[in-house]
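Remarks on the structure that follows.
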Amino acid sequence: MYRTFRAGQIRATDIDERVRLAGWVARRRDHGGVEFIDLRDASGVVQVVFREGEAAEAAHELRNEFCVQISGVVSRRPGGNENPDLPTGDVEIVADGLTVLSESAPLPLPVDDNVDVGEDVRLRHRYLDLRRTGPARALRLRSEANRIARQLLHDEDFVEIETPTLTRSTPEGARDFLVPVRLQPGTWYALPQSPQLFKQLLMVSGFERYYQIARCYRDEDFRADRQPEFTQLDIEASFVTESDVMAIGERIVTALWRELADHEITGPIDRITWHDAMNRYGSDKPDLRFGTELVDLSDYLAGTAFRVFAQALESGGYVGAVVMPGGASQTRKQLDGWQDWAKARGAKGLAYVLFDEATGEPRGPVAKNLSAEHLAGLADAVGAKPGDAVFFAAGADRIAAQELLGAARLEIGRRCGLIDESAWAFCWVVDAPMFGRTDDGWTSLHHPFTAPNADWADRFGDDPEAALAYAYDIVCNGNEIGGGSIRIHDAAMQRRVFDVLGIDDAEAEDKFGFLLEAFQYGPPPHGGIAFGWDRICALLTGADSIREVIAFPKSRGGHDPLTGAPTPITPQQRKEAGVDAVVAPPTA
RNA sequence: GGUCCUGUGGAGCAGUUGGAGUGCUCGCCGCCCUGUCAAGGCGGAGGCCGCGGGUUCAAGUCCCGUCAGGACCGCCA
């Protein structure tokens with residue numbers, strides 16, 4: 001037995017106890033005649049004292065992060081030497097035995113909670129980074145989140161089932177990661193973008209309630225909250241309505257935040273329709289930690305001579321605005337900065353009107369282009385006070401203009417300090433559109449198996465743009481943390497959806513014939529939800545990046561700074577893998 | 001694919017209008033030290049200033065290219 005106690009758990013009640021401990025040298029303070037070692041194991045830190053004898057001699061040779069075993073007696077610290085900052089601060093181990101289990105080379109990064117280290121070095125030596133309290137705590141919290149979800153779902157009769165990670169390329173939104181198949185050269189597996197189709201098959205199987213903490217893979221560019229492999233808490237249930245699924249999701253989120261963020265979500269989480277979210281916040285994942293809503297000026301500005309607005313309105317588009325409190329005091333440079341900001345988002349610019357701090361008079365280039373009547377009522381129409389700025393967006397594409405204003409709203413919230421960083425603001429965004437327009441037709445906004453809502457079940461084909469789905473996202477502080485839908489279980493309805501999407505029978509058969517076949521055999525009504533587990537854990541730990549809650553994350557470009565993956569393969573591997581196999585053209 | 005930011009001993013940073021010797025803190029190595037807890041004192045080692053080119057009498061500094069990391073846009077149902 002290496003140890004009889006855990007270092008961080010020793011208390012005054014253990015005084016006079018003879019103990020054996022094992023752990024790492026977190027810090028040493030060598031005074032010559034007396035030497036202190038902070039011994040760290042997974043449970044915490046305790047101070048070890050060496051005074052005289054063989055062990056004390058050997059202790060001089062210790063260095064940071066040596067792995068050691070120590071024997072000694074738990075003692076009360078001399079009066080005045082207690083350390084109130086440590087849970088073990090009342091006691092120390094008076095050591096009489098020391099075994100070096102392994103030595104440590106000089107460290108490439110300080111294993112010290114108080115020192116900032118660059119992320120690239122941390123990830124290169126992630127195993128050392130994870131010896132530190134903060135990074136380790138993030139992974140422990142994630143473990144707790146897994147436990148909470150599993151417990152809750154288990155209690156509600158959900159069955160945890162694993163699905164394949166070597167599977168078939170399916171027509172979902174993102175690029176697939178592909179794996180060559182040695183046994184059938186020229187054919188490829190895809191790594192799943194989500195277990196979507198498998199969980200629907202499990203509903204056909206009659207499990208009724210499935211979940212999985214599932215690894216998913218998408219070959220797209222990275223962001224702070226995106227990795228090529230990521231984790232979803234994936235859930236599907238049969239004989240459920242939209243409200244049933246949302247209730248399950250809500251219980252999970254409530255439990256997570258109660259236990260891990262000490263935050264009680266009281267009452268049902270507010271629901272907002274997708275169209276309301278776009279109209280009021282210019283986003284399908286609105287950050288509700290602050291107000292500042294968008295204002296639709298399409299009616300108010302009807303008949304305007306200002307060409308930018310008039311053109312948008314004539315083409316049936318939209319003119320809207322958002323108020324920046326105190327924005328009139330911005331310098332010319334700052335106002336120009338907004339133009340650059342808007343252009344970076346693909347907009348032509350961001351029109352604005354400033355209301356004079358003293359007189360309330362509207363100023364600025366756009367003000368000159370608006371009629372006296374429009375200017376006179378503008379402040380009331382948008383809810384601006386003297387000293388405020390108003391930003392406008394106009395366009396034939398209503399959604400694009402609203403998204404620009406929505407992005408401006410977030411930027412205003414940040415720049416004006418309107419966001420309460422300690423707040424948790426949740427909402428459901430419901431009644432999402434079924435379809436989005438593409439260059440040559442329609443595409444599913446969620447996925448092709450998403451059911452239309454009751455209003456649109458019989459007529460979504462008549463007006464795809466307006467059709468609404470039983471699809472819902474849960475949003476926290478402007479982050480989409482989960483989303484799902486009720487699925488189509490009726491073959492005829494599925495066929496009609498494919499018609500809208502321009503998928504003919506042959507293509508449907510080719511792409512997901514196996515699912516359609518399964519759906520011939522009495523598929524139950526079903527629906528589900530998937531939570532972005534990395535992002536939820538990042539929110540719960542207060543981390544800026546999901547990399548903080550992933551043990552060994554990848555850096556940009558899919559590079560693993562620790563292992564160096566991806567790497568070239570040997571010619572032998574290349575040959576065996578069948579990467580270069582020439583596939584015979586299909587014979588007619 | 002695009003825009004922006006950052007690359008200086010092991011770590012974190014500074015380095016002015018281009019101007020003598022790249023500086024600081026921590027760590028590392030050696031010596032001293034009996035109550036510290038981010039111990040302290042004295043001494044020491046350690047640098048292709050990411051890489052390549054250019055401008056200049058002179059480049060860590062300016063210009064071009066390139067690589068790496070990060071943020072954002074596109075993309076990601």
Side-chain angles (χ1 to χ4, degrees), chain A residues 26-40 45-52 56 60 63-65 75 77-86 88-89 92 94 104-125 128-129 170-176 193-194 196 216-228 230 284 337 340-347 403-404 407 410-411 432-436 438 442-450 469 471 473 480 483-485 501 530 532 544-545 547 554-557 559 561:
Chain A
R27 209 181 289 280
R28 65 203 172 86
R29 293 175 291 280
D30 189 345
H31 292 229
V34 62
E35 178 168 7
F36 303 97
I37 297 295
D38 290 340
L39 185 77
R40 182 193 69 239
V45 171
V46 70
Q47 173 165 284
V48 179
V49 193
F50 293 91
R51 280 213 191 76
E52 54 207 12
H60 290 303
R63 292 296 181 269
N64 281 346
E65 299 306 321
S75 310
R77 292 192 183 195
N81 283 285
E82 300 83 4
N83 185 344
D85 296 332
L86 289 180
T88 59
E92 59 193 8
V94 178
S104 169
L107 298 162
L109 61 91
V111 180
D112 184 327
D113 293 342
N114 304 306
V115 179
D116 285 337
V117 185
E119 195 182 20
D120 46 347
V121 180
R122 291 177 50 205
L123 296 186
R124 171 77 182 80
H125 303 279
L128 291 177
D129 183 44
T170 54
E172 290 166 290
R175 244 183 310 270
D176 285 320
Q193 297 183 25
S194 78
Q196 181 61 39
C216 309
Y217 307 85
R218 293 178 191 175
D219 186 6
E220 296 293 341
D221 289 0
F222 292 12
R223 286 295 161 73
D225 57 0
R226 240 192 267 158
Q227 287 267 308
F230 61 97
D284 60 1
D340 296 338
W341 174 91
K343 283 171 187 157
R345 275 167 180 70
E403 283 177 340
L404 178 64
L410 288 178
E411 195 62 29
M434 277 189 82
F435 303 106
T438 64
W442 302 97
T443 182
S444 297
L445 235 49
H446 194 62
H447 60 60
F449 313 108
T450 301
D473 286 344
E480 183 199 322
S485 66
L501 295 174
D544 292 328
S545 162
R547 291 188 293 269
K554 289 178 179 52
S555 73
R556 178 196 187 78
H559 180 247

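In what follows, chains carry the letters A, B, and so on, assigned in the order in which the sequence lines appear, proteins first and then strands, with residues in each chain numbered from 1. Just so it is clear, the model here is predicted, and its values are computed rather than measured. Because only heavy atoms are used, hydrogens play no part in the values below, and waters and symmetry mates are left out as well, while side chains stay in.
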* Nucleotide of G74(B), U36(B), A71(B) approaching Arg556(A) most closely (side-chain heavy atoms) -> A71(B)
* Asked: Should the pair Asp38(A)-Arg29(A) be classified as a salt bridge under the 4.0 Å nitrogen-to-oxygen rule?
  -> yes
* Asked: Base, sugar-phosphate, or nothing: which does Arg124(A) touch, judged by heavy atoms less than 4.0 Å apart?
  -> nothing
* **Separation between the P atoms of G9(B) and U56(B), rounded to whole Å** => 30 Å
* All ring-ring contact (aromatic ring centres under 6.0 Å, His included) counterparts of His31(A), not counting sequence neighbours -> Phe36(A)
* Asked: Watson-Crick or G-U wobble partner for C33(B), using a 3.5 Å limit on both distances?
  -> none
* Whole-Å distance between G70(B) P and Lys554(A) NZ? -> 13 Å
* **Sugar-phosphate only, base, or nothing, as touched by Glu92(A) at under 4.0 Å among non-hydrogen atoms** => base
* Asked: Which part of the nucleic acid does Asp221(A) contact within heavy-atom distance under 4.0 Å: base, sugar-phosphate only, or nothing?
  -> base
* **Nearest-Å distance once atom C1' is located in both C4(B) and C13(B)** => 22 Å
* Asked: Nearest-Å distance, CD (Glu411(A)) to P (C4(B))?
  -> 17 Å
* Asked: Expressed in whole Å, how much space separates the P atoms belonging to A45(B) and U25(B)?
  -> 16 Å
* Structure fact -> Closest of A11(B), U36(B), C72(B) to the Ala224(A) side chain is C72(B)
* For U66(B), which nucleotide is its Watson-Crick or G-U wobble mate, given both distances must be under 3.5 Å? -> G50(B)
* To do: For C26(B) and U66(B), measure between their P atoms and round to the nearest Å.
  => 41 Å
* Structure fact -> Minimal heavy-atom distance between Thr443(A) and Thr438(A), with the atoms involved, is CG2-CG2, 3.4 Å
* Sticking with atom C1', work out how far C31(B) lies from C49(B), rounded to a whole angstrom. => 33 Å
* Consider the side chain of Val121(A), meaning its heavy atoms from C-beta on, and name the nucleotide among G70(B), U36(B), G12(B) that approaches it most closely. => G12(B)
* Looking at Gly483(A) and Asp473(A), what are the two nearest heavy atoms and their distance? -> CA-OD1, 3.3 Å
* **Side-chain N or O of Arg29(A) closer than 4.0 Å to phosphate OP1/OP2 of A39(B)** => yes
* **C1'-based separation of U16(B) from A59(B) [nearest Å]** => 15 Å
* Using atom C1' of each nucleotide, how far apart are C48(B) and G44(B) to the nearest Å? -> 23 Å
* To do: Using a 4.0 Å heavy-atom cut-off across all strands, classify Gly89(A) as base, sugar-phosphate, or nothing.
  => nothing
* **Backbone N/O of Ser194(A) and side chain of Gln196(A): donor-acceptor pair under 3.5 Å** => no
* **Protein-nucleotide distance (Arg226(A), atom CZ; C72(B), atom C1'), rounded to Å** => 11 Å
* **Which residue lies more 5' along RNA chain B, comparing Asp116(A) with Leu86(A) via nearest heavy atoms** => Asp116(A)
* NA contact type, Glu82(A), heavy-atom cut-off 4.0 Å: base, sugar-phosphate, or nothing? -> base
* **Out of G10(B), C76(B), G70(B), whichever nucleotide has its closest atom nearest the side chain of Pro108(A)** => G10(B)
* Rounded to the Å, how far apart are Leu128(A) CG and G12(B) P? -> 14 Å
* Shortest non-hydrogen contact between Gln193(A) and Phe230(A), atoms and distance -> O-CZ, 4.0 Å
* Could you state the atom-to-atom distance from CD of Glu220(A) to C1' of C75(B) in whole Å? => 5 Å
* To do: May I ask you to decide if Ile37(A)'s main-chain N or O and Arg27(A)'s side chain share a donor-acceptor pair within less than 3.5 Å?
  => no
* Annotated protein contacts, base or backbone, on nucleotides 25-31 of chain B with a non-hydrogen cut-off under 4.0 Å, one of B, S, - each -> ---SSS-
* Any strand: nucleotide that pairs with G12(B) via Watson-Crick or wobble, under 3.5 Å -> C24(B)
* So does Glu220(A) have more than 12 non-hydrogen atoms from other groups sitting under 6.0 Å from CD? -> yes
* So, does the side chain of Asn83(A) form a donor-acceptor pair with the base of C37(B) at under 3.5 Å? -> yes
* Rounded C1' spacing from G21(B) to G60(B) in Å -> 14 Å
* With sequence neighbours left out, write down each residue that passes salt bridge (charged side-chain N to carboxylate O under 4.0 Å, His left out) with Glu119(A), or none if nothing qualifies. => Arg547(A)
* Asked: What is the distance from CD of Glu35(A) to C1' of G40(B), rounded to the nearest Å?
  -> 14 Å
* Is the ring of His31(A) stacked on the base of A39(B), with centres less than 5.5 Å apart and planes under 30° off? -> yes
* Length of the NE2-P vector between His125(A) and G12(B), whole Å -> 11 Å
* Asked: If you look at every strand shown and take non-hydrogen atoms under 4.0 Å, does Asp30(A) touch a base, only sugar-phosphate, or nothing?
  -> base
* Watson-Crick/G-U partner (both atom distances under 3.5 Å) of U3(B) -> A71(B)
* Which nucleotide sits closest to the side chain of Arg223(A): A39(B), A11(B), C72(B)? -> C72(B)
* Asked: Where is the tightest heavy-atom contact between Pro561(A) and Arg124(A), given as atom of each residue plus distance?
  -> O-CD, 3.3 Å
* Asked: Which one is paired to U56(B), where only Watson-Crick or G-U wobble pairs with both distances under 3.5 angstrom count?
  -> none
* Asked: So which heavy atom on Arg40(A) is nearest to which on Ala26(A), and how close?
  -> NH1-CB, 3.8 Å
* Return yes if the base of U3(B) and the side-chain atoms of Arg345(A) contain a donor-acceptor N/O pair under 3.5 Å, otherwise no. => no
* Pair of N/O donor and acceptor under 3.5 Å linking U36(B) base with Gln47(A) side chain -> yes
* Can you tell me the distance, in whole Å, between the CG atom of Asp112(A) and the P atom of A38(B)? => 10 Å
